Amino acid sequence: MMVDTLIAKRHLMANKKQTLVAMLGVTFGIAMFILMISFMIGVNQFMEDTMLSSTPDIHIYNDIKTDYTVSIAGDYFKNKNLLVSVRHPKPKHVNLNLKNANGIINDLRSDPGITQVSPFLSTQVFYNYGPVQINGYINGVNIIDESKIFDLRSKMTEGQPEDLLNTDKGIIMGRGLANKLNLVVGDMVTLTTPAGTSMSFRVVGIFAIGIGTIDDTRSYINLANVQQLMGKDRSYITDINIKLINNKLAPSKAGELYKKYNYKSDDWQTANSSVMASNIVRNVLTYVVSITLLTVAGFGIYNIMNMTIKNKMKDIAILKAQGFSGHDIVRIFLSQSLFIGFFGALMGEVLGFLLAYALSRVPFPHNDFISLKYFPVIFNPAHYLFGLVFGVITPFIAGLMPSIKASRIDPVVILRG
Amino acid sequence: MSIALKVENVNKYFREPEEFHVLTDISFCVNKGEFVPVIGKSGCGKSTLLYLLSTLDTDYQGKIFINDQLLTGESQNNLARFRNENIGFVFQFHFLLPEFTALENVMLPAFKLGKLGREEIEEQAMDKLRELQMDTFANKLSSRLSGGQQQRVAIARALINNPTIIMADEPTGNLDSINTGLVFDIFKELSHQNGITILTVTHDLDFAKSADRVIEMVDGRIKNS
Ligand SMILES: Nc1ncnc2c1ncn2[C@@H]1O[C@H](COP(=O)(O)OP(=O)(O)OP(=O)(O)O)[C@@H](O)[C@H]1O
Ligand SMILES: [Mg+2]
């Protein structure tokens with residue numbers, strides 16, 4: 001009611017210093033919350049973005065899983081009544097390809113939940129650099145399909161993905177790898193497969209995804225060239241990358257695909273479970289620290305409200321004698337607490353925003369593995385709303401008990417003096 | 001003449017530190033528009049009785065009626081509203097809210113009542129202050145007023161909602177004889193012309209004698225005269 005707020009306002013104004021101190025407690029708590037969550041979510045977002053730029057929604061491949069129940073030893077000793085035990089069996093010959101790859105690809109392409117399918121052939125190679133051989137990978141891809149999944153176009157530092165199609169035996173190379181090999185666009189590089197065959201390629205483009213382990217080892221070559229390099233036929237495919245309409249459905253879809261084709265299907269969340277786990281840790285940390293700060297601010301308010309009420313016992317008795325009810329008294333003191341909370345939180349949001357903005361302008365220390373110019377900070381209105389709600393709930397809880405205590409004061413005891 | 005205040009067989013005990021029967025079998029009536037001083041020795045229970053009558057203290061046996069309405073057993077919220085509307089209280093020790101000016105202190109109970117707009121309330125509050133010759137101090141913070149000035153503001157405050165009954169506990173304790181006379185003249189005028197019932201504790205026997213009727217208390221009882 002109007003008169004209650006009038007009295008509350010007077011009480012706040014009469015103790016400006018005390019009001020300000022209580023407010024600063026909330027301000028600090030909310031500012032820290034805003035700063036932390038903006039930064040932590042910024043980091044999470046950055047991690048997820050880099051993750052998604054290097055990991056397909058679903059990756060189907062042939063995981064080496066040899067069946068040792070049948071072995072040469074069994075063949076050799078058959079018909080003899082013996083118990084044969086073979087220590088450390090090894091496969092004689094393994095094909096890492098996906099059988100019936102074309103059938104699977106056509107099947108996937110007709111799936112309405114899948115927007116993009118990119119089959120490829122991945123193999124380990126040695127990049128010849130003078131007398132040195134540098135270990136790495138090549139992905140034999142249909143570059144158009146692959147670049148649709150990873151948006152390669154935006155990751156190219158030199159050349160375009162299509163250049164691969166326009167060049168006979170072209171190669172698009174990770175930036176780190178190109179630097180190591182001292183290669184620029186137009187240079188030739190010779191690759192050697194583990195099986196010993198070699199072939200030369202012309203560098204037509206350079207990409208940088210921002211993850212050292214990829215940029216330092218991977219190159220893209222036309223699928224047919226790799227099949228040729230490895231001496232395999234045109235249906236030899238080892239992996240399929242898949243992009244979904246909704247990547248949140250990846251885990252269930254991956255399970256479904258595994259059941260259907262019986263090839264290992266990794267969804268992006270599982271493939272990056274360590275990153276996902278650290279995201280969760282950061283989130284929890286943010287909330288724990290913020291709630292701690294706000295609780296401290298809450299206790300500050302609780303103390304100040306208790307002190308105010310102790311000083312105002314006489315006033316409470318007078319008000320009650322004049323017909324102010326217990327509810328009025330609760331309103332008078334609770335609204336003071338809420339005022340402190342609301343304006344403290346508002347100031348905290350401004351301070352938090354300024355700090356977060358300042359952080360977002362701080363250059364990130366140079367790092368070969370992460371391509372970050374500034375500290376990753378995210379500005380999400382939801383965080384500010386959450387902060388405001390929290391900044392009001394805390395003083396509400398902190399102010400409620402002292403206010404109720406105030407409303408229970410027996411005026412007669414006070415008025416007797 | 002109708003009855004403003006009726007007290008039936010009221011008994012009150014203090015239980016701390018030991019049981020003490022402070023009011024014994026109090027029964028009396030006060031008519032509308034009557035002006036009744038309450039006298040008695042220090043410690044005989046005058047203030048205690050006044051707290052009961054003003055509904056602030058509800059811990060007693062017996063019945064209290066104001067305007068024929070039984071107040072015994074009413075909820076705290078109802079009693080608060082009733083006090084705001086019907087009872088003006090002047091404390092033995094003058095109590096004002098220190099953060100507010102004299103005028104605002106007078107206005108607050110009217111704000112709480114909420115029947116009039118701000119301007120009307122301010123006008124009436126100024127009238128009351130003028131009657132008590134406090135209008136020149138209207139905009140002074142109440143904590144900056146002298147004891148006697150504060151007491152007069154407190155009386156103006158008790159009048160603001162035009163209560164049916166005013167209860168005052170030694171309202172002139174801090175006042176010089178001129179101001180004491182002023183207050184009692186106002187009280188008499190209020191009771192005789194405006195029909196407001198006034199019950200006031202006083203030690204001023206000269207003044208008490210001039211009243212219509214006196215209630216004298218001795219050791220927690222009303223002395224029959
Ligand atoms: N809270 C209390 N607990 C116990 N006894 C009390 C309490 N308050 C008052 N008393 C006692 O009750 C008696 C009446 O007190 P009360 O204040 O009503 O006296 P009074 O008539 O107003 O006196 P005075 O003229 O000095 O104001 C006194 O003996 C006092 O000691
Ligand atoms: Mg007394």
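The structure presented is a predicted model; accordingly, all values stated were derived computationally and were not measured.
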Distance (rounded to the nearest 0.5 Å) between B/Met126 CE and B/Leu103 CG: 6.0 Å

Contact leader toward chain B among A/Ile7, A/Val413, A/Ile318, A/Asp410, where contacts are heavy-atom pairs under 4.5 Å: A/Ile318

Chain B contact via A/Leu319 - which portion, at a heavy-atom distance below 4.5 Å: side chain

Side-chain heavy atoms of B/Ile26 within contact of B/Met217, under 4.5 Å: yes

Portion of B/Pro98 that has a non-hydrogen atom of chain A nearer than 4.5 angstrom: both

Under-4.0 Å salt bridge between B/Asp59 and B/Arg15: yes

Most contacts with chain A, counted as non-hydrogen pairs under 4.5 angstrom, among B/Glu104, B/Arg81, B/Gln76: B/Glu104

A/Asn306-A/Lys405 side chain donor-acceptor pair, cut-off 3.5 Å: yes

Proximal component of B/Phe82, with respect to chain A [non-hydrogen, under 4.5 Å]: neither

Pairs of heavy atoms under 4.5 Å with chain B: top-ranked of A/Gly326, A/Ala317, A/Ala14, A/Ala321: A/Ala321

Residue selection (most heavy-atom pairs with chain A, distance under 4.5 Å) from B/Leu97, B/Thr55, B/Asn78, B/Asn86: B/Leu97

Derivation of the side chain to side chain donor-acceptor pair (under 3.5 Å) call for A/Tyr357 and A/Ser38: CA-CA 9 Å; A/Tyr357 182 76; A/Ser38 303; over 6 Å; no

Between A/Asp328 and A/Ser325, a side-chain donor and acceptor under 3.5 Å: yes

